[in-house]
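As structure tokens, the structure follows; a few thoughts come after it.
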Amino acid sequence: MNLPILTSAQMRVTEEAAFARGVEVEALMDKAGTGVAQAITRFFRKPGKCIVFAGKGNNAGDALVAAERLRRLGWKIEVRLAFQEADCSGLMRKKLESLRRRRPDILGATPPRGGGTDLGVILVELWAEAADQLSAAQEAIATEAYLGTAAPLIILDGLLGLGAKPPLRDPIRAACRSINHLRTTKGAYVFAVDLPTGLDGDSAKTDRDCVIADFTVTIGFAKPGLVADNALNFVGRLEVVHLDELRSPEKKPKEVVAAPPVLRELLPRRKFGTYKNQCGRIGVVAGSRGFIGAALMTSQGALRAGAGLVELFVPEDIYEIIASAAPMESMVKPLRSYRDLLKEKADVWAVGPGLGKSHAAEILELIEKAKQPMVIDADGLNILAEKNSTLKHCKGKRLLTPHPGEMKRLSPDEKERRAKTATKFCQRFGVTLLLKGSRTIVAERDRPLSYNTTGNPGMATGGMGDILTGVCAGLAGQGLSLYDAARLGAWLCGRAAEIAIFNGSQSEQSLLPRDILDQLGQAFNEL
């Protein structure tokens, strides 16, 4: 199973085919809106306030269904209409009326100027009063109960759906400005339904007032504009609401996203009689004087990913330091020469974090001659960058996990977008590549280019890559291909970071690699 990336034209074909089979538009809308609400509660478990910015089409209908589901869970709801109700689609009006009919058991606030109901849902008519000129009093009513409390304030962008292209026009432009203003001044988290208003889902071109989303919950399948490099800061965290009724026309997609419906197939439950030698012996080659933390984190990553045995090989001069600090579950072994590792019986190698370059020739020989699969990171990549032709002669399969700087050293002449750079590199060298970034890419020759969906800016700190290296090696040791180990490893580490912040006690500033280790179990359990 794959979740391909579809253009707006392909999405129309997919939806029309579903409708031709008898699928009802409203049934799809209900499932899509439910999926949006579930995505919100995955990050914000405590009810707060949700402000829906609604356009006049089905995108607004999806957002209103989501608001209805949230309301049942105790969320307070405010709807801001960009158009007069008479101008909205019939289905959108139906979902708005359904939201209005709910019992007034949650909201009792006085509606702000511009309209409202006495049935527990605040209604603001933006079409009657420009969104970027809302009075200070009205904004205070919208947010006063949520400043300085643990209750979240979120915004649902349901203004425009797939197919809409910039430039924006009023009243939509004014509504987008209002969303971005609330995000900046009130700390609101923005969830875009299907795509941020003002972003072209195909080309990723943006209007100057494009909504800046913290999360984009896209319906059915991801779209090309959502994974483009220049769209990252508008799209934010990407979530796909998978709908069984929508069947992709792409039988062999060139680009896909890594998401739970796909990844959970890679994690079968272990047989009751499983023992350690069936779960992989991981050889970690990492660390040097001054960089012992890299070796420790790589080993812990492999252990937390389920490796049966982890052996950490280090130079003799730091053996005692490493041995006293290493996880008690690992085995630390001193080395005189890295060439000696070719005699070891590891199932998978993890090579590079904190190694330094003083033994570059021996490390290159290990990379070239080891027959086992190998995950290469950090100084392993920097050593390779000085002689990347080594990759054409490796006796085993190799997974490279560079960050953007390391990728530039490995392929200094490439100035293409990240996806094309990754594809060309794998075609040239026949390796698996995990190109780290805000939307991590996994590439391999003759396999779809895969985009990761998890993670947050809190991961921008040293040591995260060491954990990832160990996790990928640990997964490969349990029988996953390097391609699947990379996709799953990136998702797990990113999701663990999210759990540490949204369900734990960390922030983007305080997040540390050890927090990823602590939350990996919960990330596995979600799959």
Side-chain angles (χ1 to χ4, degrees), residues 256 258 263 266-267 277-286 298 301-302 305-311 313 338-339 341-353 355 362-385 387-402 406-407 410-411 421-436 440-450 452 465 468-492:
V256 299
L263 298 177
L266 304 177
L267 279 177
N277 289 341
Q278 294 176 318
C279 297
R281 179 187 291 263
I282 311 303
V284 175
V285 185
T298 304
L309 293 164
V310 173
E311 297 175 302
F313 297 92
Y338 289 102
R339 290 189 175 94
L341 295 173
L342 292 170
K343 303 172 186 176
E344 295 289 338
K345 296 181 179 180
D347 295 315
V348 177
W349 290 106
V351 176
L355 268 185
E362 294 178 12
I363 297 300
L364 272 178
E365 187 175 346
L366 175 65
I367 290 172
E368 179 180 351
K369 294 184 178 180
K371 296 180 181 179
Q372 303 96 326
M374 182 181 293
V375 183
I376 308 171
D377 187 35
D379 284 324
L381 298 173
N382 293 330
I383 290 170
L384 267 175
K387 192 178 179 182
N388 60 17
S389 60
T390 302
L391 291 172
K392 295 183 177 181
H393 310 292
C394 293
K395 297 186 182 300
K397 296 179 179 179
R398 303 293 180 253
L399 165 61
L400 279 59
T401 63
E406 291 161 346
M407 191 68 223
L410 284 167
S411 190
T421 295
T423 300
K424 289 173 70 174
F425 190 85
C426 292
Q427 291 293 340
R428 180 182 177 191
F429 292 111
V431 298
T432 306
L433 185 73
L434 186 158
L435 180 51
K436 290 180 279 199
T440 290
I441 292 172
V442 177
E444 187 178 291
R445 185 188 294 169
D446 300 326
R447 301 290 293 268
L449 194 76
S450 180
N452 188 45
L468 177 63
T469 296
V471 169
C472 290
L475 293 170
Q478 295 167 77
L480 272 69
S481 69
L482 291 180
Y483 176 80
D484 286 336
R487 298 173 77 207
L488 181 55
W491 190 94
L492 287 166

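Throughout, numbering of the chain's residues begins at 1 and tracks the sequence.
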Exercise. For residues Leu355 and Val351, report the shortest heavy-atom separation together with the two atoms involved.
Key: CD1-CG1, 4.1 Å

Exercise. State, to 0.1 Å, how close Tyr338 and Glu362 come at their nearest heavy-atom pair, and which atoms those are.
Key: N-OE1, 2.9 Å

Quiz item: Within a strict 4.5 Å, meaning less than it, do heavy atoms of the Leu341 and Trp349 side chains meet?
Solution: yes

Quiz item: Atom CG of Leu399 and atom CG of Leu482: how far apart are they, to the nearest 0.5 Å?
Solution: 5.5 Å

Exercise. Side-chain contact test, heavy atoms from C-beta onward, threshold under 4.5 Å: evaluate it for Val431 versus Ile376 and give yes or no.
Key: no

Practice problem: Return the minimal non-hydrogen interatomic distance between Cys426 and Ala443, and the atom names on each side. | Solution: SG-O, 3.4 Å

Practice problem: Assess whether side chain to side chain contact (heavy atoms under 4.5 Å, CB included) is satisfied between Gln372 and Val348, documenting all intermediate values. | Solution: CA-CA 6 Å; Gln372 303 96 326; Val348 177; 5.9 Å; no

Practice problem: For the pair Val442 and Asn452, evaluate side chain to side chain contact (heavy atoms under 4.5 Å, CB included) and give the outcome as yes or no after the intermediate values. | Solution: CA-CA 8 Å; Val442 177; Asn452 188 45; over 6 Å; no

Exercise. List the steps and the verdict of side chain to side chain contact (heavy atoms under 4.5 Å, CB included) for Arg398 and Ile367.
Key: CA-CA 8 Å; Arg398 303 293 180 253; Ile367 290 172; 4.2 Å; yes

Quiz item: Can you find a pair of side-chain heavy atoms, one from Leu400 and one from Glu406, that are under 4.5 Å apart?
Solution: no

Practice problem: Ignoring hydrogens and angles, tell me if any N or O in the side chain of Ser411 forms a donor-acceptor pair with the backbone of Met407 under 3.5 Å. | Solution: no

Quiz item: Can you name the closest pair of heavy atoms from Ala476 and Ala485 and give their distance?
Solution: N-CB, 3.9 Å

Quiz item: OG1/Thr421 to NZ/Lys424 distance, rounded to the nearest 0.5 angstrom?
Solution: 7.0 Å

Practice problem: Could you grab the distance from atom CG of Leu391 to atom CG of Leu433, nearest 0.5 Å is fine? | Solution: 10.0 Å

Quiz item: Atom CD1 of Ile282 and atom CG of Leu475: how far apart are they, to the nearest 0.5 Å?
Solution: 9.0 Å

Self-check item: Verdict with supporting geometry, Arg487 and Val256, side chain to side chain contact (heavy atoms under 4.5 Å, CB included)
Solution: CA-CA 11 Å; Arg487 298 173 77 207; Val256 299; 3.8 Å; yes

Self-check item: Asn388 side-chain N/O to Leu410 backbone N/O, donor-acceptor pair under 3.5 Å
Solution: yes

Quiz prompt | Under 3.5 Å: donor-acceptor pair, side chain of Arg445, backbone of Gln427 | solution = yes

Quiz item: Looking at Tyr483 and Ser450, what are the two nearest heavy atoms and their distance?
Solution: OH-CB, 3.8 Å

Quiz item: When rounded to the nearest 0.5 angstrom, what is the spacing between CG in Leu263 and CG in Leu267?
Solution: 8.0 Å

Quiz item: Closest approach of Leu366 and Met374, non-hydrogen atoms and distance?
Solution: O-CE, 3.7 Å

Self-check item: Gap separating the CG atom of Leu266 from the CD atom of Gln478, nearest 0.5 angstrom
Solution: 11.5 Å

